[in-house]
Amino acid sequence: MASFPLYKPTHTIFSNTQFKGLRNGFFWRPSYSFEALPENKVQPIRALVAKSPFALFQPPQVEEESPSELEPVDPDFYKIGYVRSMRAYGVQFKEGPDGFGVYASKDVEPLRRPRVIMEIPLELMLTISKKLPWMFFPDIIPLDHPIFDIINSTNPETDWDLRLASLLLFAFDCEGNFWQLYGDFLPSADECTSLLLASEEELLELQDPNLASTIRKQQQRALEFWHKHWHSEAPLKIKRLARDPQRFIWAVSIAQSRCINMQMRVGALNQEANMLIPYADMLNHSFEPNCFFHWRFKDRMLEVLINAGHRVRKGDEMTVNYMSSQKNDMYMQRYGFSSPVNPWDEVQFSGNARIHLDSFLSIFNISGLREEYYHNNDLSTDGNTFVDGAVIAAARTLPSWSDGDVPPIPSVEREAVKELQSECQKMLAGFVTTSKQDQKLLDSMTDATRTFEAAIRYRLHRKLLMEKVIKALDMYQEKILF
Ligand SMILES: C[S@@+](CC[C@H](N)C(=O)[O-])C[C@H]1O[C@@H](n2cnc3c(N)ncnc32)[C@H](O)[C@@H]1O
């Protein structure tokens, strides 16, 4: 099997001048299709840089350059000399509501087995082992390069993002490195939602002092790291990697919002690694994802696969689950977005009021495993039969007792419902704006920064959850307690 199938590009080829538009504050990044051609099943991303001098994407020129009298060669032997390309099957990279994303370019019937939609070889990635001794795959750092000392100075427990950011900046500076080109497809500081890039005013818009203070500490930490290593005496080959702190903080934002952690096996080594994986990092998050990642050991590839049994329609977004069991503040901290249907989100109640959890769940017909949560439709926003994630969050959030814990006393239960509702009302009243006002603000925004928008959305999502809790308790009261 040849490592470079000879596919024909079907899409526009963008010149380097057009790439530069990305950095000028506009949020556009070109879209690329990997639709199957009649004669081929795969469309490699190499085609998008077909005119670039970039070595990694150049297919072997053996056939064109070899006079016909030459003997046919052993393809396996020649394969050794060429770096592999990324392959994608029936997907398209384009801009959507959550920035760039990956979309199905054709219908996929549900299969009994997961179906591969992307394969990304190890050599295109930037990875660092999570633990000492530091190992890099591929190892692009030459012996004695001072960037290694900088990476080596980081705290193994906490500073994975600083290490990855340093490696990314180093890769941008390496002649012929894949990331020199891929960097043009990464979000610019204006396009990135990471709160590391947020101003103090934007952090205040979160109306969450804990989250704001966590972010301030992270900003400070990145800044101090830059000052420590990018001082005036630093060698030029370090200085030019990040001439100002903003460049370094942007790199940390990219590392935080695009890193994938995986256990990868390379040879006899089993490595837990922090990885920047091109193309796979274009996948957005969903709490009901249709895809997942898998490390293919035999040829050191990351596979992106569609879940077994999943039907995908042309135009559907392909998504993965970034983190499980995390509240919206964690999503904000790491990725700069929150979700109104995060089933793990919470409202923090402070009082002693508790309701009967089993009765509450029975009202919404929620039982069993997470995937099997259903409810009676009354609280669903879109009218489908699946339980809204916010209803699960409401259930999880409520301080509760169950049989054998406290005996059911209807009057006490009724009192508890009212208390919980009134605590939610008080919390809502503590916000400067209402959820309707936040929604209006979001609808009217035209030239706001992405971090400002993310901050407003975050506080709106918290209010929506509280409103859901109040409504759910209303229903509980009506149906069970009369
Ligand atoms: C790994 S990247 C995914 C690709 C990214 N959308 C882009 O434009 O390059 C993660 C970033 O995508 C955005 N994102 C991913 N999933 C999202 C979601 N469910 N809602 C809103 N934004 C999301 C956030 O900006 C996040 O920091």
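All residue numbers in this chain count up from 1 along the given sequence. In each ligand, atom 1 is the first atom listed, and ligand 1 is the first ligand listed. Quantities reported herein were computed from a predicted structural model and do not represent experimental measurements. We use all heavy atoms of the structure for the numbers below, so side chains are in, but hydrogens, waters and symmetry mates are not.
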Open item on the list: Taking atom NZ as the centre, does Lys239 end up with more than 12 heavy-atom neighbours from other residues, nucleotides or ligands that are less than 6.0 angstrom away?
Closed with: yes
Task: Any N or O of Tyr335 closer than 3.5 Å to N or O of ligand 1 - done: yes
Open item on the list: Check the orientation of Phe185 and Tyr182. Use parallel for under 30°, tilted for 30 to 60°, and perpendicular for over 60°.
Closed with: tilted
Open item on the list: Whether the Asp438 and Thr433 side chains hold a donor-acceptor pair (N or O, under 3.5 Å, no angle test) is what I'd like checked.
Closed with: yes
- [ ] Mark the output for Leu186 as yes if a heavy-atom distance to ligand 1 is under 4.0 Å, and as no if none is.
- [x] no
Task: Short N or O distance, Thr193 and ligand 1, threshold 3.5 Å exclusive - done: yes
TODO: Verify side-chain hydrogen bond (donor to acceptor under 3.5 Å, both in side chains) between Tyr458 and Asn328, making sure each step is shown before the conclusion.
DONE: CA-CA 8 Å; Tyr458 171 68; Asn328 274 344; over 6 Å; no
- [ ] Flag Phe100 as yes when one of its N or O atoms lies below 3.5 Å from any N or O atom of ligand 1, and as no otherwise.
- [x] yes
Open item on the list: Quick check on contacts: which atoms of ligand 1 are under 4.0 angstrom from a heavy atom of Asp281?
Closed with: 1 (C), 2 (S), 3 (C), 4 (C)
Open item on the list: Would Arg258 count as a polar contact of ligand 1, with the cut-off being nitrogen or oxygen pairs under 3.5 Å?
Closed with: yes
Task: Backbone of Arg313 reached by a side-chain donor or acceptor of Asp316 within 3.5 Å - done: yes
TODO: Say whether Phe185 and ligand 1 are in contact under the criterion: heavy-atom distance to a ligand atom below 4.0 Å.
DONE: no
Open item on the list: Out of all atoms in ligand 1, which are within 4.0 Å of some heavy atom of Ser257? Include the element for each.
Closed with: 1 (C), 2 (S), 10 (C), 27 (O)
Task: His285-ligand 1 polar pair, N/O distance under 3.5 Å - done: yes
Task: Side chain Arg163, main chain Ile151, donor-acceptor under 3.5 Å - done: no
TODO: Assign the ring pair Trp230 / Trp226 to parallel, tilted or perpendicular, where the plane angle (0 to 90°) is split at 30° and 60°.
DONE: parallel
TODO: Looking only at distances, please establish whether an N/O atom of ligand 1 is found under 3.5 Å from an N/O atom of Asn284.
DONE: yes
